[in-house]
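Just follow the structure's listing: the first ligand is 1, and inside any ligand the first atom is 1.
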Amino acid sequence: MTTSTLIPAVSRFRSFADSVAMARNPVPVLAKYNETYGDTFRFYLGGLKEAIVTIDPAIIQHVLKTNAENYQKSEIQVKRMGHFLGKGLLTTHGEPWRTQRRLIQKGFDRKQLDALSSIMQDSLAESLRDFDRQIQDGPVDIYPQLMKITFAMVARSLFGASLKDEDIDLVSHTICTVQEFIVRQTLQPYLNPWFAASGELRRHEEMRTRADAVLMEYIKKRRKEPPRPDLLQTLMDARYTDGEGMPDELILSESMQLLVAGHETSSNALSWLLYLLSSRPDCLEKVRQEFDSVLGEEPLSHGHVPKFEFATQVIQEALRLYPPFWMIDRMAVADDRVGDVAIPRGSMVIVYVYGAHHAPRHWQDPEVFDTARFVKANDKLRTPFTYLPFGGGPRGCIGGNYAMLQILMILSDLLRKYDFQLAPGQTIEARPMVILRPKHGIRMTFTNAVPSASRITTLV
Ligand code: HEM
């Protein structure tokens with residue numbers, strides 16, 4: 001098999017002509033291709049690298065699950081991310097990945113999430129003191145604020161409550177800067193020789209080395225300290241079948257990869273969630289009531305999560321409209337076929353998550369925020385592999401349960417403390433980078449919440 005002739009193709013010329021628009025915002029370009037070429041088509045990324053893009057649930061299921069062995073993480077993750085992040089869950093495949101995944105999974109089981117709940121709460125309380133100061137002077141862009149809150153929470157869940165603020169800031173800044181650089185390397189590959197010649201590549205490598213050194217200090221220190229209930233401890237206590245533990249360098253790169261995968265995703269989901277709730281006072285009130293009735297005055301912990309039926313639906317719908325990972329990329333290891341679609345060896349396959357979540361064929365009025373889509377009774381009606389905020393198959397998100405706990409925890413505290421409103425006169429627009437970010441931020445005004453007993457409620 002040498003060509004995938006059954007898949008319609010966007011010409012190399014058209015792909016190149018669209019590459020600047022694509023770098024600016026791929027969503028309208030891909031929507032136009034979907035309209036013209038159907039659910040699955042080929043195009044040239046940056047006018048250079050051929051990729052198959054799909055929103056077809058049968059192909060998505062095949063690639064992510066049924067024949068997942070044949071679809072490794074693509075070059076973007078393995079080569080470009082691996083260059084900066086070393087080896088770890090995000091950048092390996094095959095047996096080394098399977099072994100690591102099995103060990104790291106323990107860090108996200110129910111017992112561990114119970115234990116992490118209080119570290120997360122303490123981190124949140126500290127972050128909210130700072131947040132409270134920021135909101136006093138008028139509207140704030142919630143995106144960087146929430147990123148700060150979630151990053152500190154994930155970082156402390158990993159490295160423990162004693163992680164210093166200045167170290168959190170340094171690592172967070174490094175990850176954001178390096179991630180943006182990787183996106184530029186990927187979307188405009190023709191600039192790579194320039195990045196190397198101009199010293200830009202080296203500057204980013206040096207940043208990463210500095211952040212590594214800071215985190216390695218914590219690992220070395222922990223080796224001499226008593227055990228703690230955090231993820232670093234899980235990584236240190238993990239044992240391979242031969243009884244050996246993970247070397248410090250691997251603990252460092254796995255931790256860095258968990259920070260990369262976990263820091264911007266939840267803050268992103270929360271930003272879009274608050275944005276959506278700001279125009280739906282009915283849903284907002286219903287979520288508040290649910291928090292009040294489940295929690296009373298208690299802080300939220302992992303044991304409460306299954307009780308938040310409506311809040312979970314609201315989060316699920318926000319993740320449908322604005323999936324933080326708007327696409328998932330893979331590389332075919334060998335020639336393959338799904339029905340009559342041929343996928344040649346070496347093809348890059350892009351599972352276009354945003355497209356699947358907005359396809360009118362699978363979602364009635366897909367642009368409308370409608371929590372009823374996620375009422376339990378409707379679960380069975382949904383076509384599998386049309387809803388993929390956490391991916392799917394063996395490489396689906398390892399931190400999904402942690403993320404739900406984190407989002408609920410932050411949302412419950414914010415909603416119980418504050419009323420909030422979208423600041424007038426702004427354009428809210430999504431910009432797909434690695435993550436689906438709000439292009440111009442989302443500015444909101446926060447005021448102290450009216451106590452729950454005195455709220456007048458109209459529930460849906
Ligand atoms: C709303 C929040 C989150 C969303 C939407 C999300 C989404 C995803 C998706 C779609 C994937 C699959 C990527 C692929 O197949 O290539 C993934 C993988 C992953 N996620 Fe998450 N994630 C979230 C939060 C987190 C958190 C909080 C952590 C860790 C603290 C985390 C750690 C990971 C890791 C390590 C992987 C790679 C797993 C592997 O390849 O075995 N994620 N995530």
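- Contact annotation: for P324 versus ligand 1, heavy atoms closer than 4.0 Å belong to the side chain alone.
- The ring pair (Phe, Tyr, Trp, His ring centres under 6.0 Å) contacts involving residues 234-269 comprise F151-H263, where partners must be two or more places apart or lie in separate chains.
- Sorted by first and then second residue, the salt bridge (charged side-chain N to carboxylate O under 4.0 Å, His left out) pairs involving residues 227-236 (not counting sequence neighbours) are R222-D230, E225-R228.
- Annotation for ligand 1: atoms under 4.0 Å from non-hydrogen atoms of Y402 are 27 (C).
- Put simply, no part of M404 is less than 4.0 Å from ligand 1, judged by heavy atoms.
- Considering backbone and side-chain atoms together, K73 places an N or O closer than 3.5 Å to an N or O of ligand 1.
- Looking at Y322, F390, W97, Y71, it is F390 that brings a heavy atom closest to atom 4 (C) of ligand 1.
- In terms of heavy-atom proximity, F310 sits nearest to K286 at CE2-CB, 3.6 Å.
- Between L300 and L295, the shortest heavy-atom distance links the atoms CA-CD2, 3.8 Å.
- In the vicinity of P389, heavy-atom distances shorter than 4.0 Å reach the ligand 1 atoms 5 (C), 7 (C), 10 (C).
- Using a 4.0 Å cutoff on heavy atoms, R395 counts as a contact of ligand 1.
- Between the side chains of E317 and T371, no donor N or O sits under 3.5 Å from an acceptor N or O.
- Within the set L90, L89, I435, the minimum heavy-atom distance to atom 36 (C) of ligand 1 is found for L90.
- Scanning G391, A318, A155 for the heavy atom closest to atom 10 (C) of ligand 1 points to G391.
- Side-chain atoms of T91 and Q257 form a donor-acceptor pair, as typed in the model, at a separation below 3.5 Å.
- Each of the following atoms of ligand 1 lies closer than 4.0 Å to a heavy atom of F325: 6 (C), 7 (C), 8 (C), 9 (C), 10 (C), 43 (N).
- Here's the thing with T265: none of its N/O atoms is less than 3.5 angstrom from an N/O atom of ligand 1.
- Annotation: D329 places no N or O atom under 3.5 Å from an N or O atom of ligand 1; distance criterion only.
- Residue contacts with ligand 1: Q406 is placed with no nitrogen or oxygen under 3.5 Å of a nitrogen or oxygen of the ligand (distance criterion only).
- No donor-acceptor contact under 3.5 angstrom links the side chains of D39 and N34, judged on distance only.
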>> Checking Y143 against Y275 for the ring-ring contact (aromatic ring centres under 6.0 Å, His included) test, could you report, in this order, the C-alpha distance in whole Å, the side-chain angles of both residues, the deciding distance, and whether it holds?
In response: CA-CA 10 Å; Y143 197 72; Y275 165 63; over 10 Å; no
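- For the pair R382 and Y387, the cation-pi criterion (under 6.0 Å, within 45° of the ring axis) is fulfilled.
- Checked by distance only, ligand 1 and R101 come closer than 3.5 Å through their nitrogen or oxygen atoms.
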